Amino acid sequence: MKKLFSAVFFAAVLFTGLQATAQEKMKDKAPEDKTKRPSPPAKVSEKINSGATISIDYSQPSVKGRAIGKDLEPMDGQVWRTGANEATVFETDKDITVNGAKLPAGKYAFFTIFNGEDVTLIFNKTAAQWGAFKYKEADDQLRVNAKASAEASSMEKMTFTISDAGMVSLWWGNKKVDFMVM
């Protein structure tokens with residue numbers, strides 16, 4: 001009987017020790033605190049006049065004295081994730097138009113291609129992707145054109161804003177791109 005009790009006691013102690021070790025390992029695999037990144041996460045959301053709720057989930061790179069288009073993205077003619085880290089995600093809960101072109105309700109990776117003042121806005125069906133490394137044009141839901149303007153003042157951290165009228169603005173450095181969603 002003493003041997004049985006000892007064996008059960010030993011097994012319980014061993015099980016408790018293994019469980020504690022497993023919990024410690026799970027702590028090591030805790031999700032990364034994205035707010036500690038050099039380009040921290042940001043999100044903007046607005047219910048626009050048409051009744052749709054638009055949200056943009058992105059990471060904010062900083063200029064830090066560098067030249068946009070020379071020392072850091074966006075580079076003319078190249079697909080840009082329009083932010084940093086994971087691809088920027090543009091989401092709408094209702095069908096909308098973007099600069100007059102139809103975009104179904106859904107979640108999209110948002111990319112851009114700058115060519116001087118001409119900007120191509122890309123809404124890609126593969127919302128969850130890192131950067132633009134696996135970007136596939138075949139997965140684009142919509143491409144529309146917009147214009148970039150040179151602003152007198154500069155925005156250190158890339159920032160999106162959405163007005164209730166549906167004006168979406170992307171502003172970084174002295175570059176600003178506006179487009180309408182309705």
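Everything quoted here is computed from the prediction, not taken from an experiment.
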**Message:** For Lys107, is the NZ atom crowded, meaning more than 12 foreign heavy atoms sit under 6.0 Å from it?
**Reply:** no

**Prompt:** OG of Ser149 to CG of Asp178: how many Å apart, nearest 0.5 Å?
**Reply:** 6.0 Å

**Message:** Just so I know, are the side chains of Ile122 and Thr112 near enough to count as touching, which here means a heavy-atom distance under 4.5 Å?
**Reply:** no

**Message:** Looking at Asp95 and Ala105, would you say the former's side chain and the latter's main chain have a donor-acceptor pair under 3.5 Å?
**Reply:** yes

**Fill in**
Closest non-hydrogen contact found for Ala148 with Val119 is CB-CG2, 3.8 Å

**Message:** Using side-chain heavy atoms (C-beta onward) and a distance below 4.5 Å, is Ile162 in contact with Ser45?
**Reply:** no

**Asked** Looking at OG of Ser39 and CD of Gln60, how far apart are the two atoms once the value is rounded to the nearest 0.5 Å?
**Response** 8.5 Å

**Item:** Stepwise side-chain contact (heavy atoms from CB on, under 4.5 Å) check, Tyr108 with Val89
**Value:** CA-CA 6 Å; Tyr108 302 94; Val89 176; over 6 Å; no

**Asked** Phe114 versus Lys175: any side-chain heavy-atom pair under 4.5 Å?
**Response** yes

**Close side-chain approach of Met180 and Met167, heavy atoms under 4.5 Å** = yes

**For Leu170 against Met158, the heavy-atom pair lying closest together** = CD1-CG, 3.6 Å

**Request:** Can you see which heavy atom on Tyr58 is nearest to which on Lys43, and at what distance?
**Result:** CE2-N, 4.3 Å

**Request:** Decide yes or no on side-chain contact (heavy atoms from CB on, under 4.5 Å) for Ile48 and Asp164, but give the supporting numbers first.
**Result:** CA-CA 4 Å; Ile48 60 174; Asp164 60 356; 5.7 Å; no

**Asked** Does a salt bridge link Lys147 with Asp118, judged by any charged N lying under 4.0 Å from a carboxylate O?
**Response** yes

**Request:** Measure across Lys94 and Gly51 and return the closest heavy-atom pair with its distance rounded to 0.1 Å.
**Result:** CE-O, 3.4 Å

**Message:** With clusters defined by side-chain heavy atoms of hydrophobic residues (ILVMFWY) lying less than 4.5 Å apart, directly or transitively, does Val168 cluster with Phe123?
**Reply:** yes

**Request:** Enter the distance from Ser169:OG to Lys176:NZ here, rounded to the nearest 0.5 Å.
**Result:** 4.5 Å

**Lys102 backbone acceptor or donor facing Thr97 side chain under 3.5 Å** = no

**Message:** Please determine whether salt bridge (charged side-chain N to carboxylate O under 4.0 Å, His left out) holds for the pair Lys136 and Asp139, giving the CA-CA distance in whole Å, both sets of side-chain angles, and the decisive distance to 0.1 Å.
**Reply:** CA-CA 6 Å; Lys136 292 180 185 159; Asp139 292 338; 5.3 Å; no

**Between CH2 on residue Trp172 and CD1 on residue Ile68, distance to nearest 0.5 Å** = 4.5 Å

**Prompt:** Between the main-chain N or O of Lys64 and the side-chain N or O of Glu156, is there a donor-acceptor pair closer than 3.5 Å?
**Reply:** yes

**Message:** Given 3.5 Å as the limit, does a donor-acceptor pair link the side chain of Asn174 with the main chain of Ala150, or not?
**Reply:** no

**Gln141 side chain near Pro104 side chain, heavy-atom distance below 4.5 Å** = yes

**Asked** In this structure, are over 12 heavy atoms from other groups packed under 6.0 Å from Glu151 atom CD?
**Response** yes

**Prompt:** Is there a path of hydrophobic side-chain contacts, each under 4.5 Å between heavy atoms of I, L, V, M, F, W or Y residues, that connects Phe160 with Met155?
**Reply:** no

**Message:** For a side-chain contact (heavy atoms from CB on, under 4.5 Å) check, start with the C-alpha distance between Phe179 and Val144, then their side-chain angles and the critical distance, and finish with the verdict.
**Reply:** CA-CA 10 Å; Phe179 57 96; Val144 295; over 6 Å; no

**Request:** Assess whether atom CE of Met182 is packed by more than 12 heavy atoms of other residues, nucleotides or ligands within 6.0 Å.
**Result:** no

**Donor-acceptor contact present, side-chain Asn124 to main-chain Ala109, <3.5 Å** = no

**Request:** Indicate the atoms forming the closest heavy-atom contact of Gly69 with Met75, along with that distance.
**Result:** O-SD, 3.2 Å

**Cluster check Val44, Leu121: I/L/V/M/F/W/Y, side chain < 4.5 angstrom** = yes

**Message:** Please determine whether residues Ile96 and Phe111 belong to a single hydrophobic cluster, defined as Ile, Leu, Val, Met, Phe, Trp and Tyr linked transitively by side-chain heavy-atom distances below 4.5 Å.
**Reply:** no

**Asked** Are the side chains of Glu73 and Arg81 in touch, meaning some heavy atoms are under 4.5 Å apart?
**Response** yes

**Request:** Could you tell me the separation between the CZ atom of Phe110 and the CG atom of Leu142, rounded to the nearest 0.5 Å?
**Result:** 10.0 Å

**Message:** I'd like to check Trp130 versus Asn85 (side-chain heavy atoms, cut-off strictly below 4.5 Å). Are they in contact?
**Reply:** yes

**Item:** Closest non-hydrogen atom pair, Asp57 against Ala42
**Value:** OD1-O, 3.4 Å

**Complete:** Between the CG atom in Leu103 and the CD1 atom in Ile54, the distance rounded to the nearest 0.5 Å is 8.0 Å

**Trace of the side-chain contact (heavy atoms from CB on, under 4.5 Å) decision for Thr161 with Trp171** = CA-CA 8 Å; Thr161 59; Trp171 190 0; over 6 Å; no

**Prompt:** Does any N or O in the side chain of Thr88 come within less than 3.5 Å of the main-chain N or O of Thr82, such that one atom is a donor and the other an acceptor?
**Reply:** yes

